[in-house]
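Inspection log for the structure reproduced underneath, given as structure tokens.
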Amino acid sequence: MPELPEVEVTRRSIDEPLRDARVLGVRLGKPLRWPLGCRPESLVGARIGPVARRGKYLWMPMLRDPAADAGQAGGLLMHLGMSGSLSLSNLPPPAGAHDHFDLETSRGLLRLTDPRRFGAVVWSAGLDVAPAAGLLASLGPEPFDPALTPSTFHADLHTRRSPIKTVLLSGEVVVGAGNIYACEALFRAGIDPRLRAHLISRPRAARLLEAIRSTLAQALALGGSTLRDFRDAHGMNGEFQASAAVYGREGQACPVCGTTVRRLVQSQRSTYFCGRCQRR
DNA sequence: AGTTAAACCTGGTTGC
DNA sequence: TGCAACCAGGTTTAAC
């Protein structure tokens, strides 16, 4: 479910409601991708700081007041995997079969529901995202980072020989575009997803960067994409999927030229594209 | 070293 | 109706 827009929508839906909330308890369900990395009880008493995002990861600071608090300061690095979503509620229903992490706080219960359990909640000591860098080390720049320019983007693409679709999915050149938005951005940029990244010209790289930004920005404004089950922490679904030109539309007419949208498999993921609008 | 397959899981949909 | 096969928003790990 969650690419950058969905994760950011989620972040915005929990940041303010949980600000300065106290952790009252933790409940763990089945194992997620990685172990929590600390005793669940050790989180009790912490104060939740501003929730941040890096790529598709969320960072929730667990602050301590040194005066009368022996607990360790750090934070929780959270990932929604393929099927995860967070919900925040004052009257939560009993934990279901797919509810694998509950953070009981003074401002409601934050719950991670994740049927496939590709998601994660990992403790990391330290007050910033950076120390949790083990998992974040290979991430490329944020799509809206001003330091990411057509020049740097083009230079990075120039070092990759894989198909551009695969390179975008790797998140090593720019983070945030998953399968839906990589397909949509390539469509908007008029680039064939099979084109090897290093062969992309400077002007086309500039156009692709702009397409990635406009696609992610539009998705964010529409609350993300809800293909099956994505919801923000208040239960609101996204609306971007209705705006998708090619994703999930194999066999349908391209909205621009009418050519039949095709599907192919790259890196074991479906790629949707228009063979006429998108060129090598 | 760089690129590609396999793996982690569950559930919904499709087709015989 | 039953059951096998395939599909799904991600990312690490192992293998060419």
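This is a predicted model, so every value here is computed, not measured. In what follows, chains carry the letters A, B, and so on, assigned in the order in which the sequence lines appear, proteins first and then strands, with residues in each chain numbered from 1.
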- prompt: So what is the 5' to 3' dot-bracket string for DNA chain B, if pairs are Watson-Crick or G-U wobble with both distances under 3.5 Å, crossing pairs use [ ] and | means the partner sits on another strand?
  reply: .|||||||.|||||||

field: Arg117(A) (side chain) and dC9(B) (base): donor-acceptor pair under 3.5 Å
entry: no

- request: Say whether, by atom type as modelled, one donor and one acceptor occur between the side chain of Ser13(A) and the main chain of His234(A) under 3.5 angstrom.
  value: no

task: Give a yes or no on whether a salt bridge exists between Glu210(A) and Arg188(A), defined as a side-chain N under 4.0 angstrom from a carboxylate O.
output: no

message: Does Ser170(A) reach a base, just sugar-phosphate, or nothing at all? Heavy atoms under 4.0 Å.
response: nothing

- request: Nearest whole angstrom, please: distance from the C1' of dT10(B) to the CG of Leu32(A).
  value: 13 Å

statement: 5' to 3', nucleotides 11-16 of chain C under a 4.0 Å protein heavy-atom cut-off (B base, S sugar-phosphate only, - none) gives BS----

statement: side-chain hydrogen bond (donor to acceptor under 3.5 Å, both in side chains) filter on Arg39(A), not counting sequence neighbours, yields Glu41(A)

Report each atom pair, protein N/O against N/O of nucleotides 11-16 of chain B, whose distance is under 3.5 angstrom.
residue: dG11(B); atom: OP1; partner: His98(A); partner atom: NE2; Å: 2.8

task: Consider only side-chain N and O atoms of Ser267(A) and Thr166(A), and report whether a donor and an acceptor are under 3.5 Å apart.
output: yes

query: Would Thr10(A) and Asp232(A) count as having a side-chain donor-acceptor pair, cut-off 3.5 Å?
result: no

message: Rounded to whole Å, how long is the line connecting atom NZ of Lys165(A) with atom P of dT4(B)?
response: 13 Å

message: Measuring centre to centre across the rings, with the benzene-like ring taken for any Trp, is Tyr247(A) within less than 6.0 Å of Phe187(A)?
response: no

query: Is the aromatic ring centre of Phe118(A) closer than 5.5 Å to the centre of the six-membered base ring of dC8(B), with the two planes inclined by less than 30°?
result: yes

- prompt: Can you name the residues that form a side-chain hydrogen bond (donor to acceptor under 3.5 Å, both in side chains) with Arg64(A), not counting sequence neighbours?
  reply: Asp69(A)

query: Which residues, if any, of residues 153-161 of chain A bring a heavy atom under 4.0 Å of DNA chain B?
result: Arg160(A), Arg161(A)

task: Looking at every strand, decide which applies to Tyr247(A) at a 4.0 Å heavy-atom threshold: base, sugar-phosphate, or nothing.
output: sugar-phosphate

